[in-house]
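Here it is, the structure in full.
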Protein chains: 2
Amino acid sequence: MPTVRVIVTLKPGVLDAPGQAIHKGLAALGHAGVRAVRAGRYFEIELDGTERLDDRVRDMCEGFLANTLIEQYRYDIV
Amino acid sequence: MPTVRVIVTLKPGVLDAPGQAIHKGLAALGHAGVRAVRAGRYFEIELDGTERLDDRVRDMCEGFLANTLIEQYRYDIV
């Protein structure tokens with residue numbers, strides 16, 4: 001029974017306001033030496049069956065989990 | 001210049017309402033064969049310097065990025 005781990009992040013060049021806020025928060029808490037923070041979403045999906053796995057995962061990502069206009073996704077299957 | 005990739009998820013046993021909503025959404029879109037979805041947050045943090053790296057990352061996670069009462073985190077350094 002495969003588990004798919006998907007990470008969705010904003011595309012490079014798209015303003016990452018949450019990441020910037022987290023960056024400032026870390027600095028305010030005294031964490032020096034943080035150069036950049038990018039924020040994203042994570043999904044762990046347990047699937048039945050192994051046929052057409054990549055196709056199914058890509059459909060889920062492009063049709064629902066990620067907004068591919070501004071976001072990119074990657075996944076691995078474990 | 002190390003980059004740390006942090007994944008924060010709810011601890012097992014804590015109700016994952018977003019995960020359940022995403023699960024239902026996938027089913028409504030016709031994605032059969034999804035057994036479970038867990039949702040989480042993802043952070044990519046670029047750091048200066050490499051000294052005390054694990055200590056620094058754990059401090060950030062436990063003091064800010066994760067609510068360790070109900071969430072767990074893991075990270076890798078690339």
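Side chains are part of it too, since the values below use all heavy atoms of this structure and drop only hydrogens, waters and symmetry mates. Keep in mind that what you see is a predicted model, and the values were worked out from it rather than measured.
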Let me check something: do Phe43(B) and Val14(A) share a hydrophobic cluster, defined by ILVMFWY side-chain heavy atoms less than 4.5 Å apart, either directly or through other members?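 Each belongs to a different hydrophobic cluster.
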
Examine Leu69(B) and Leu10(B) and state if one hydrophobic cluster contains both, with Ile, Leu, Val, Met, Phe, Trp and Tyr joined whenever side-chain heavy atoms are less than 4.5 Å apart. yes

Interface moiety of Leu47(B) toward chain A, non-hydrogen atoms closer than 4.5 Å: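 Its backbone and side chain both get close to chain A.
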
Checking heavy atoms, do the side chain of Thr9(A), its backbone, both or neither come under 4.5 Å from chain B? side chain

Closest non-hydrogen atom pair between Arg74(B) and Tyr42(A), with its separation: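 Reported closest heavy-atom pair: NH2-OH, 2.7 Å.
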
Proximity breakdown for Ile7(B) and chain A, heavy-atom pairs closer than 4.5 Å: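 The side chain, not the backbone.
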
Once you round to the nearest 0.5 Å, how far does CZ of Arg38(B) lie from CZ of Arg5(A)?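 Reported value, rounded in 0.5 Å steps: 13.0 Å.
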
What's the shortest heavy-atom distance between Arg56(B) and His31(A), and which atoms? O-CE1, 4.3 Å

Take a 6.0 Å sphere around NZ of Lys11(A) and say whether it holds more than 12 heavy atoms from other residues, nucleotides or ligands.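 More than 12 within 6.0 Å, yes.
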
Looking only at heavy atoms, what is the nearest atom pair of Phe64(A) and Ile22(B), with distance? CE2-O, 3.6 Å

If you tally heavy-atom pairs under 4.5 Å against chain B, which of Val8(A), Asp59(A), Val6(A), Leu65(A) wins?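 Option with the top pair count is Asp59(A).
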
Of the backbone (N, CA, C, O) and the side chain (C-beta and beyond), which part of Leu29(A) lies under 4.5 Å from a heavy atom of chain B, both, or neither? side chain

